[in-house]
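Below you'll find the structure, written out as structure tokens, and then a few comments.
Per chain, numbering begins at 1; letters A, B, ... match sequence-line order.
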Amino acid sequence: MKINGVKGMNDILPAAVGRWQEIEQVAREVFALHGYREVRTPVVEPYALYARGVGEATDIVTKEMYVFEDKGEEKLALRPEGTAGTVRAYIEHGAHVEGPQKWFYVGPMFRRERPQKGRYRQFHQIGVEAFGIAEPDIDVEQIAMLADLFRRLGVAPVVHVNSVGDAACRPAYLEELRGWLRERAAVLCADCRERTERNPLRVLDCKVPSCQPVLAEAPRLLERLCDGCRAHFAAVRQGLDDLGVAYQVNPRLVRGLDYYVRTAYEFTSDALGSQSAVAGGGRYDGLVETLGGQPTPGIGFGMGEERLALILEAAGRPVPRTVPEVFFVSADDTGRREAMRRAAELRRAGVACDLDARGGKLARQFKQAERVGARYAVVIGGNEASSGQAKLKDMATREEAPVALSGLVARFRPTPA
RNA sequence: GUGAGUGUAGCUCAAUCGGUAGAGCACUGGACUGUGGAUCCGGGGGUUGAGGGUUCGAGCCCCUUCACUCACCCCA
């Protein structure tokens, strides 16, 4: 009986894993340059953390979370996103006493949705959270950092920014919008009528053609922001302009989770099919308090690694691959023992090398050397072992040159920095 | 949860009207007894996703089921 992997949960095989390693490596470099430090939190958290933090009524909590009882003791959930767990850890360890904290995380998230392009049940996110900074400069820094990260990877998703208001101005706007939508329920699609009650902001980006002209006239939150939100948003825009970050103000940009206030931003690409967002973030000034901590402003983003990988693929960026510098080819048993010794010697010196432990015909070993991408082959048989002189073959040019076995380490040892 | 599409070798796909399942790539061996990318020749590999039905006969038609893909909802 063959057992297959779980639906929507993918294997990342060696031939593809270089893509993930590259993404994560570049992210770590960029984060380090901006003062973000890594945090690792569990993949499992109390169900209540997400019910309270992400929002009791959100799709994520009501229908997408993997929830289970831990031997009847506690209701647990596989994390559907990274912010709630990071905030829990921030509060639990009293991190606020040491001033603003800039953290990042990398790891799998789980949502039980129907899989499609760019959406999987286990997916991988790279995210950052900045705690304790209410000022708009951190919003600017985060957006610019993300743009820099993408630039280093050779892609340039479109940056959308918006303000979703806060407790001072959003509730009044939502009521105004809801009332306005109810008056026009007759000309809106069924989904929009449903969303009018459940999540009126979502109505604004309805894709149904007949809704578009109606919604274009809808009242706009950006024109009804309170003074604080208005000033914050203006400062974010000014800051992005100062840094030369190109962006679009998108009044329809909405964050899916309850905790977002003020700045919302998103990076999108048309290489992703209908799931166009590769990264999304925003400010969550009330979340830490909601989860039992001191009132603490926060802002962060999550980036989908699978989606970024799709973008890099579409951009034709090659998958990086680690290859051995030297591949030993042995002609006989004596040569093979010598090859094993020399390989060990090179490895201790920090030189990546390999050999075909099956031995066998030279042709097969050379084929294996080629397959693993070795730059050089060294042929060793009984003669070479006793004379100490072997042949060094450049796999690309096929040129051979004599080499002393005792000089291999000096020849290939990485030059100290 | 809803809708559509697709299931044939490890991968990409053929198979005429319903008539004994094939190719390319990949793998493996040989041509080539100490040399990998080309060429030529050989070899292994399949319950045609699964189950049932119609038929003398089903990869093909019908039913059921499962899986995958894309889209909706929503989101990274």
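- The closest side-chain heavy-atom distance from A/Glu345 to A/Leu408 is not below 4.5 Å.
- Applying the 4.0 Å criterion to OP1 and OP2 of B/U69, one finds that A/Arg114 has every side-chain N and O outside that range.
- As judged by a 4.0 angstrom heavy-atom cut-off over every strand, A/Lys361 is placed among residues touching the sugar-phosphate backbone only.
- Between the CE atom of A/Met395 and the P atom of B/U35 there is a distance of 14 Å, given to the nearest Å.
- When each of A/Arg364 and A/Arg398 is assigned the nucleotide of RNA chain B bearing its nearest heavy atom, the one mapping closer to the 5' terminus is A/Arg364.
- Within the structure, the ring pair (Phe, Tyr, Trp, His ring centres under 6.0 Å) test picks out no pair touching residues 346-365 of chain A (sequence neighbours left out).
- When heavy atoms are screened at a 4.0 angstrom cut-off, A/Phe301 is found touching no nucleic acid atom at all.
- Taking the P atoms as reference points, B/U54 lies 28 Å from B/A15, given to the whole Å.
- For the pair A/Asp333 CG and B/G34 C1', the interatomic distance rounds to 15 Å; values are reported in whole Å.
- Distance check: A/Arg307 CZ to A/Phe123 CZ gives 8.0 Å after rounding to the nearest 0.5 Å.
- Spacing between B/U48 and B/G59 at atom P, rounded to whole Å, works out to 7 Å.
- In this structure, the CZ atom of A/Phe104 is 20 Å from the P atom of B/A76, given to the nearest Å.
- Scanning atom types as modelled, no donor and acceptor separated by under 3.5 angstrom connect the side chain of A/Glu266 and the base of B/A76.
- Among all heavy-atom pairs drawn from A/Val329 and A/Leu362, the shortest one is CG1-CD2, 3.3 Å.
- The phosphate of B/C74 (OP1 or OP2) has no side-chain N or O of A/Arg255 nearer than 4.0 angstrom.
- Between the C1' atom of B/A76 and the CH2 atom of A/Trp20 lies a distance of 13 Å, rounded to the nearest Å.
- Taking the P atom of each, B/C66 and B/G57 are spaced 29 Å apart, rounded to whole Å.
- Taking 4.0 angstrom as the limit, A/Gln116 places a side-chain polar atom (N or O) nearer than this to OP1 or OP2 of B/A71.
- The nearest pair of heavy atoms linking A/Leu146 to A/Ala279 is CD2-CB, 3.9 Å.
- Where A/Lys117 and A/Arg195 meet RNA chain B, the nucleotide closest to each residue was compared, and A/Lys117 sits on the side nearer the 5' end.
- Nearest heavy-atom pair, A/Pro46 versus A/Leu76, reported as atom, atom and distance to 0.1 Å: CA-CD2, 4.1 Å.
- You'll find that the side chain of A/Glu370 is closest to B/G37, out of B/C74, B/G34, B/G37.
- Look at A/Arg371 and you'll find a side-chain N or O under 4.0 angstrom from OP1 or OP2 of B/U28.
- No contact: A/Ala369 has no heavy atom under 4.0 Å from any strand.
- Looking at heavy-atom distances under 4.0 Å, A/Gly273 makes contact with sugar-phosphate atoms alone, never a base.
- Contacts of A/Val379 with the nucleic acid, taken as non-hydrogen atoms under 4.0 Å apart, include base atoms.
- Spacing of C1' atoms, B/G10 relative to B/A26, comes out at 7 Å, to the nearest Å.
- The residue A/Lys391 sits close to a base: some heavy atom pair falls under 4.0 Å.
- Put simply, CD1 on A/Ile311 is 14 Å from P on B/A76, counting in whole angstrom units.
- Remark: the A/Glu400 side chain and the B/U35 base include a donor-acceptor N/O pair separated by less than 3.5 Å.
- Residue-level contact check: A/Arg111 touches the bases, meaning some heavy atom is under 4.0 Å from a base atom.
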Task: Structure string for RNA chain B in dot-bracket form, Watson-Crick and G-U at under 3.5 Å, | interchain - done: (((((((..((((.....[..)))).(((((.......))))).....(((((..]....))))))))))))....

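- Using C1' as the reference atom, B/C25 and B/A14 are 14 Å apart when rounded to the nearest Å.
- Remark: the separation of the P atoms in B/U20 and B/U28 is 34 Å, to the nearest Å.
- Looking at every heavy atom in both residues, A/Ala264 comes nearest to A/Val164 through CB-CG1, 4.0 Å.
- Across all strands, A/Ala309 comes closer than 4.0 Å to no nucleic acid atom at all (heavy-atom distances).
- Taking every side-chain heavy atom of A/Ala277 into account, B/A76 is the closest of B/A76, B/G34, B/G36.
- As rounded to the nearest Å, B/A23 and B/G44 have P atoms that lie 12 Å from one another.
- Residues forming a ring-ring contact (aromatic ring centres under 6.0 Å, His included) with A/Phe328 (at least two apart in sequence, or on another chain): none.
- Residue A/Lys393 places a side-chain atom within donor-acceptor reach of the base of B/G36, judged by atom type and a 3.5 Å distance cut-off alone.
- Between the CD atom of A/Glu399 and the C1' atom of B/U35 there is a distance of 15 Å, rounded to whole Å.
- A/Glu113 comes within 4.0 angstrom of a nucleotide base, judged by non-hydrogen atoms across all strands.
- A salt bridge links A/Lys102 to A/Glu141: one of the charged nitrogens lies within less than 4.0 Å of a carboxylate oxygen.
- In this structure, A/Met65 places its CE atom 18 Å from P of B/C74, rounding to the nearest Å.
- Cation-pi geometry between A/Arg411 and A/Tyr376 is met: the NZ or CZ atom falls under 6.0 Å from the ring centre, inside 45° of the normal.
- For A/Asn383 and B/G34, a side-chain-to-base donor-acceptor distance below 3.5 Å is present, hydrogens and geometry of angles not being considered.
- For A/Gln368 and B/U35, the CD to P distance is 18 Å, given to the nearest whole Å.
- With both ends at atom C1', the span from B/A71 to B/G29 equals 48 Å, rounded to whole Å.
- For A/Phe267 and A/Phe301, the gap between ring centers reaches or exceeds 6.0 Å.
- A donor-acceptor contact under 3.5 Å links the side chain of A/Glu384 to the base of B/G34.
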